[in-house]
Amino acid sequence: LETSIRHNTILCAAAVIDRGGNRSEHEFRGEERDILEGLTRLIRDEDPDFITGYNIDNFDLPRIIERAEESGPRSRFEQAALCGWGRVPAIESEAKRLKPNRANNRVWRLTGRIPLDAWWQVRQTLRPERESLRYVANMLWPDDADKHKLDVDASRMDEEWAARPDEVMEYCVRDTYLPLDILAHLQSIQRKEALAAVALSTVETAAAGTTSQWIDSLVIRLADRENIAVPMTQSGPRRRDQIAGGYVHDVEPGIHPWVAVLDFKSMYPSIMIAQNICSTTLVRDGSKNDSHNVSPTTGTRYLESQEREGLVPRLLSQLMEKRDLHKRELANAEESGDKEAAFLHDQLQYAVKILMNSFYGVFASSFYRFTHPDLGASITEWARHNIRSIIAQLETDGHHVVYSDTDSIFVTAPVEPDSPISRPPEDALVFADWRAARAETLRFGERLANRFTKEGAELEFETALSAFFSHGAKKRYVGRVVWPREEMLIRGYEVRRSDSFSLLRRTMVEMFELILANEPWSAVELTKAQIDSVRAREVDAVDLVISRSCKGQLRRNGSVDFTKVYKNPDSLPYVRAAKQRIEAGLGFTPGMKVGWIVIDGKRSPMRIEAWMVDELGVEPPRYDPNFYARRLAKALGRITEAFGWDENELLAGSRQQTLFDF
DNA sequence: GTTCCCTGCTTACC
DNA sequence: ACTGGTAAGCAGGGAGC
C-alpha cells in the first residue's frame with residue numbers, strides 16, 4: 001500500500017502473485033473502495049497460501065481493516081467485499097472467518113491462509129542493524145541497484161501522488177517484489193514447513209503458533225495414545241519464584257594461549273532423558289525408593305525409566321535419533337551431490353534442533369499445562385552439578401579452566417610454553433612449534449571429551465583456540481579458532497551488538513586481530529588514531545548511527561502512545577528518534593528499530609537526530625565528535641586496560657588532551 | 001559541577 | 001497471553017558533597 005500521510009487513506013496498492021516461481025503483477029488505483037475490492041477479488045481468484053509484505057503485521061493489514069471499517073459498509077458481511085480474504089465461501093454465515101483478525105494484538109490469523117511478515121523474518125534470522133526495506137535490500141543484494149532505487153519521497157507521499165502517480169505506482173510495485181525475494185532468500189516458508197513436519201503440526205501452527213503449541217502437538221498426541229489424562233492450562237496470573245539457571249564461570253582478564261573448548265551435546269534434553277524428568281514421572285507423594293533418580297541439590301525424585309519412561313524423555317530420545325538420522329542423510333546427499341535431498345535434510349535436522357531446545361523452556365515456565373516448578377529446577381541443577389564437577393576435577397588435575405557458560409568449558413591445553421599463538425608463515429622456523437601446539441590442543445581436547453563423556457551426558461570437543469581473550473566480563477570473549485576451521489570467534493562484545501555503531505564495531509574487530517596476533521601495542525595505536533579521526537570529524541556520519549528497537553502502543557487512529565510502555569519516554573533517545581520520524585512523516589510502527597546520531601552528548605538528556613538518510617536521501621546530521629570519541633575510548637579502553645592502557649589514556653591520545661578538555 | 005548509586009531499558013549468551 | 005535464566009552496559013536522574 002501507499003497511503004496518504006495527511007488523511008490516512010489508501011492511495012494505491014500493488015500485489016505480486018508468485019506461483020512456483022512464476023510471477024504476475026497487479027496494480028490498483030482509483031477510489032479507495034475500488035482498491036480494496038480489487039485486492040480482495042485478486043486474493044479470492046488467485047487463492048494464495050501465504051500472504052507476505054514488509055511490515056504487513058503492523059502496517060498494511062491494520063490499515064486495510066481500518067479503512068474497510070471506516071469507509072466501507074456497516075455489516076461485517078458487507079465489509080467482506082473489501083477485506084474478505086479468508087479461504088471460505090463468501091457467504092453470510094462465514095462472515096466471521098472472512099476477515100483477517102488479530103487476537104490480543106498478537107499475530108494475524110486468516111482462515112486458510114498464512115500471513116508471513118517479511119520484516120519479522122528478516123529481524124529474527126538476520127538481526128540487521130537497521131530494518132528499513134531499503135537498508136535490508138541493500139544489505140542482501142548490494143550489487144542489485146534497481147532493487148533499492150529511491151526515487152519517491154515517502155515522507156511527502158501526498159504531494160508525490162498528486163504530482164507523479166505513475167512513478168509512485170512503479171515504486172509501489174517494486175517494493176512488492178522485495179518481500180517475496182526476501183522470503184525466498186531466507187527460506188522462511190521451507191523452514192516453517194520443516195518445523196511443521198517434525199512437530200506434527202499444521203504449517204500455520206509452525207508459522208504463527210507458540211512454542212507451547214508445538215510441544216503440545218507432540219505431547220498430547222502421545223499422552224492420548226497412552227491413555228494419560230491431559231491437564232488443562234490454568235488461566236489467570238500465577239507468579240512464582242524464579243528457578244535458578246545455568247552456571248557462568250568467572251573470567252580472568254587477558255590473553256589465554258591455546259585453549260580447548262568442549263561442550264555438552266543438547267545438554268538440557270540429555271538431562272531430561274538421562275534423569276527421566278517428566279510430569280508423568282515426578283514423585284509427588286513423598287515416597288522414597290532407592291531406584292529413584294534424585295536431583296543433586298533439591299532432592300527432587302523421579303521414577304527410573306525401567307519402571308516408567310516419561311512421555312517427554314521418550315519424545316526427546318526419538319527426536320535425538322531423528323536429528324542424527326537427518327544429519328547422516330544430509331552427509332550422504334552432499335556426498336552424492338543430491339542438492340534437493342541435502343536441503344531437505346538440513347532443514348529437517350535444524351527444525352528438530354529448534355524443537356528439542358524448546359522443551360526445557362516450556363517445562364520451566366509457570367503456566368504450561370504439564371509443568372511443575374520442580375521440573376525446570378531439576379534440569380538446571382543437574383546441569384550446574386555436571387559442569388561444576390568437571391571443572392573441579394580439571395582443576396584438581398592442574399588444568400586451568402579459563403571460562404564456562406552453562407554447557408561449555410574452556411580449558412588451557414598443556415602445550416609447550418612460548419608456543420606462538422598466531423599462525424606463522426609456513427616457511428618460518430616457528431611454524432613447526434605452532435603446528436605442534438595445535439596438535440597437542442587437539443589431542444588434549446579429544447582426551448577430555450572421552451574422559452568426561454558418560455551415559456546421557458556427551459561432552460564434545462568443539463573447537464581449538466590458539467588464543468582466548470577477555471577483558472574480564474562474563475559472556476564477552478574473543479578466540480582465534482584453529483580447528484576445525486580457522487576463524488575469529490567473537491561473543492558478546494560491541495561487535496555483536498546492533499546498538500553499537502559501525503566505526504566501533506570495525507575498530508574493535510581490527511583491535512582483536514592485533515591482540516590475538518600478540519601485538520597489543522599496535523591495537524592501542526590503532527585505537528588512538530581512530531579516536532583522533534572522529535574528533536577531527538573525518539568519519540562519515542553513517543558509521544556513527546546507533547540504533548535500538550522502540551516499543552509503543554498503537555492507538556485506534558494510527559498514532560503511537562509511548563507512555564503506556566515507558567515510565568519516562570522522553571528520557572529515552574530511541575523514543576525521541578521515533579518521534580522525530582513520525583514528525584517527518586516517515587512512519588513508525590511499534591517494535592521497529594530506530595537509528596539516530598548524537599549531536600550533543602554533553603547535554604542531559606543528550607540531543608540526538610533520527611537517522612532518515614536511508615529513506616529520504618537527506619543530508620546526514622552533524623555529529624558530536626567528543627561524544628563518539630568518548631564512547632570509542634570507553635568500549636575500547638575496557639579491552640586495552642588488560643594491557644595497561646585505560647580509557648583516559650586512549651582519549652589523551654597523541655594530542656595530549658586531558659580528560660576534561662572536551 | 002562532580003561523583004556515586006540506583007533504576008529502566010535493550011541486547012547479548014546459552 | 002505467554003518457553004527459561006544470566007549478564008553487560010548505556011543513559012538518566014537524584015543524593016550527598
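Computed from heavy atoms alone, side chains included, the values below leave out hydrogens, waters and symmetry copies. To find a chain, count down the sequence lines: A is the first, B the second, and so on, and within it residues start at 1. Worth saying up front: this structure is predicted, and the values here are computed from it rather than measured.
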A.B. asks: How many Å lie between CZ on A:Phe501 and P on B:dT10, as a whole number?
C.D. replies: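 Rounded to the whole Å, the gap is 20 Å.
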
A.B. asks: Does CZ in A:Arg123 sit with more than 12 non-hydrogen atoms of other residues, nucleotides or ligands closer than 6.0 Å?
C.D. replies: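 For A:Arg123, atom CZ is crowded (more than 12 foreign heavy atoms under 6.0 Å).
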
A.B. asks: Report the residues that fulfil ring-ring contact (aromatic ring centres under 6.0 Å, His included) with A:Tyr350, sequence neighbours left out, ordered by chain and then residue number.
C.D. replies: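 Partners of A:Tyr350 by the ring-ring contact (aromatic ring centres under 6.0 Å, His included) criterion come out as none, since no residue qualifies.
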
A.B. asks: Go through the structure and list residues passing salt bridge (Lys or Arg N to Asp or Glu O under 4.0 Å) with A:Asp570, not counting sequence neighbours.
C.D. replies: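 Testing A:Asp570 for salt bridge (Lys or Arg N to Asp or Glu O under 4.0 Å), a comparison that skips the adjacent residues, returns A:Lys579.
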
A.B. asks: Scan residues 265-278 of chain A against DNA chain C and write down, sorted by residue number, each residue with any heavy atom closer than 4.0 Å; if none is found, say none.
C.D. replies: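 Correct list: empty, so none.
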
A.B. asks: Does a side-chain N or O of A:Tyr574 approach OP1 or OP2 of B:dT11 to a distance below 4.0 Å, or not?
C.D. replies: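 So the side-chain polar atoms of A:Tyr574 never come under 4.0 Å of the phosphate oxygens OP1 or OP2 of B:dT11.
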
A.B. asks: Taking A:Asp405 first and then A:Lys474, would you say they form a salt bridge - that is, a charged N and a carboxylate O separated by under 4.0 Å?
C.D. replies: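 So A:Asp405 does not pair with A:Lys474 through a salt bridge.
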
A.B. asks: Could I get the full list of salt bridge (Lys or Arg N to Asp or Glu O under 4.0 Å) partners for A:Lys551, not counting sequence neighbours?
C.D. replies: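 Scan of A:Lys551 (salt bridge (Lys or Arg N to Asp or Glu O under 4.0 Å), adjacent residues dropped) gives none.
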
A.B. asks: Rounded to the nearest Å, what distance is computed from the CG atom of residue A:Asp241 to the C1' atom of nucleotide C:dG4?
C.D. replies: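 Between C1' of C:dG4 and CG of A:Asp241: 15 Å.
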
A.B. asks: So if I define the base as every atom that isn't primed, P, OP1 or OP2, how would nucleotides 8-17 of chain C read as a B/S/- string at a heavy-atom cutoff under 4.0 Å?
C.D. replies: SBSSSS----

A.B. asks: Could you check how far CD1 of A:Ile379 sits from C1' of C:dG5, rounded to whole Å?
C.D. replies: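 Taking atom C1' of C:dG5 as the reference, CD1 of A:Ile379 is at 13 Å.
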
A.B. asks: List the atom pairs, with distances to 0.1 Å, where a side-chain N or O of residues 268-275 of chain A and a protein N or O form a donor-acceptor pair under 3.5 Å, not counting sequence neighbours.
C.D. replies:
{"unit_1": "A:Ser270", "atom_1": "OG", "unit_2": "A:Lys265", "atom_2": "O", "d": "3.1"}
{"unit_1": "A:Ser270", "atom_1": "OG", "unit_2": "A:Ser266", "atom_2": "O", "d": "2.8"}

A.B. asks: More 5' along DNA chain C: A:Ser365 or A:Tyr247, using each one's nearest nucleotide?
C.D. replies: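 The answer here is A:Ser365.
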
A.B. asks: For a quick check of understanding: with a heavy-atom distance under 4.0 Å over all strands, which category does A:Thr380 fall into, base, sugar-phosphate or nothing?
C.D. replies: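 Counting heavy atoms under 4.0 Å across all strands, no contact is made by A:Thr380.
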
A.B. asks: Mind checking what makes side-chain hydrogen bond (donor to acceptor under 3.5 Å, both in side chains) contact with A:Arg109, not counting sequence neighbours?
C.D. replies: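 Per chain and number, A:Arg109 pairs via side-chain hydrogen bond (donor to acceptor under 3.5 Å, both in side chains) with A:Glu204.
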
A.B. asks: Looking at C:dT3, C:dT6, B:dT11, which one has an atom nearest to any side-chain atom of A:Ser498?
C.D. replies: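 That would be B:dT11.
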
A.B. asks: Please list, chain by chain and in numerical order, all residues satisfying salt bridge (Lys or Arg N to Asp or Glu O under 4.0 Å) with A:Arg497, sequence neighbours excluded.
C.D. replies: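 So A:Arg497 forms a salt bridge (Lys or Arg N to Asp or Glu O under 4.0 Å) with A:Asp499.
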
A.B. asks: If you fit an axis to the five pairs at each end of the helix from B:dT3-C:dA15 to B:dC14-C:dG4, how big is the angle between those two axes, to 10 degrees?
C.D. replies: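 Overall, the helix from B:dT3-C:dA15 to B:dC14-C:dG4 bends by 10° from one end axis to the other.
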
A.B. asks: With sequence neighbours left out, write down each residue that passes side-chain contact (heavy atoms from CB on, under 4.5 Å) with A:Pro569, or none if nothing qualifies.
C.D. replies: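 side-chain contact (heavy atoms from CB on, under 4.5 Å) check on A:Pro569 returns A:Phe562, A:Thr563, A:Tyr566, A:Val575.
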
A.B. asks: Tell me whether the side-chain N/O atoms of A:Ser212 come closer than 4.0 Å to OP1 or OP2 in C:dT3.
C.D. replies: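 Yes, within the criterion.
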
A.B. asks: Judged by modelled atom types alone, do A:Asp646 and A:Thr640 share a side-chain donor-acceptor pair under 3.5 Å?
C.D. replies: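 Looking only at side-chain atoms, A:Thr640 and A:Asp646 do not form any donor-acceptor pair under 3.5 Å.
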
A.B. asks: Please list, chain by chain and in numerical order, all residues satisfying side-chain hydrogen bond (donor to acceptor under 3.5 Å, both in side chains) with A:Arg221, sequence neighbours excluded.
C.D. replies: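 A:Arg221 satisfies side-chain hydrogen bond (donor to acceptor under 3.5 Å, both in side chains) with A:Ser217 only.
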
A.B. asks: Nearest-Å distance, CZ (A:Arg384) to C1' (B:dC14)?
C.D. replies: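 That distance rounds to 14 Å.
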
A.B. asks: What nucleic acid atoms does A:Thr406 come within less than 4.0 Å of, heavy atoms only: base, sugar-phosphate, or nothing?
C.D. replies: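 Contact class for A:Thr406: sugar-phosphate only.
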
A.B. asks: If you measure from CZ on A:Phe452 to CD on A:Glu458, what distance do you get to the nearest 0.5 Å?
C.D. replies: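 Reported to 0.5 Å precision, the distance equals 15.0 Å.
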
A.B. asks: How would you label the contact of A:Ser408 with the nucleic acid (heavy atoms, under 4.0 Å): base, sugar-phosphate, or nothing?
C.D. replies: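 Counting heavy atoms under 4.0 Å across all strands, no contact is made by A:Ser408.
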
A.B. asks: Rounded off to whole Å, could you give me the CG-to-P distance for the A:Asn648 and B:dT2 pair?
C.D. replies: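 Computing the A:Asn648:CG to B:dT2:P distance gives 14 Å.
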
A.B. asks: Just the rounded figure in Å: distance from C1' of B:dG8 to CG of A:Asp570.
C.D. replies: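 From A:Asp570 CG to B:dG8 C1': 15 Å.
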
A.B. asks: Whole-Å distance between C:dT6 C1' and A:Ile387 CD1?
C.D. replies: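 Atom CD1 in A:Ile387 sits about 14 Å away from atom C1' in C:dT6.
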
A.B. asks: Would you classify A:Gly492 as touching base, sugar-phosphate or nothing, given that sugar-phosphate means primed atoms plus P, OP1 and OP2, and contacts are heavy atoms under 4.0 Å?
C.D. replies: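 Contact class for A:Gly492: sugar-phosphate only.
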
A.B. asks: Please tell me if A:Gln213 has a side-chain N or O lying less than 4.0 Å from either OP1 or OP2 of C:dT3.
C.D. replies: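 Looking at the OP1 and OP2 atoms of C:dT3, neither is under 4.0 Å from any side-chain N or O of A:Gln213.
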
A.B. asks: Assign A:Gly245 to base, sugar-phosphate, or nothing according to its heavy-atom contacts below 4.0 angstrom with the strands shown.
C.D. replies: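 Sugar-phosphate, backbone atoms only, no base.
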
A.B. asks: Just checking A:Tyr477: base, sugar-phosphate only, or nothing, at a heavy-atom cut-off of under 4.0 Å?
C.D. replies: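 Contact class for A:Tyr477: sugar-phosphate only.
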
A.B. asks: Partners of A:Glu494 by salt bridge (Lys or Arg N to Asp or Glu O under 4.0 Å), sequence neighbours excluded?
C.D. replies: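 Here the qualifying residues are A:Arg476, A:Arg638.
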
A.B. asks: Rounded to whole Å, please give me the gap between NZ in A:Lys567 and C1' in B:dT10.
C.D. replies: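 Going from A:Lys567 (NZ) to B:dT10 (C1'), I get 16 Å.
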
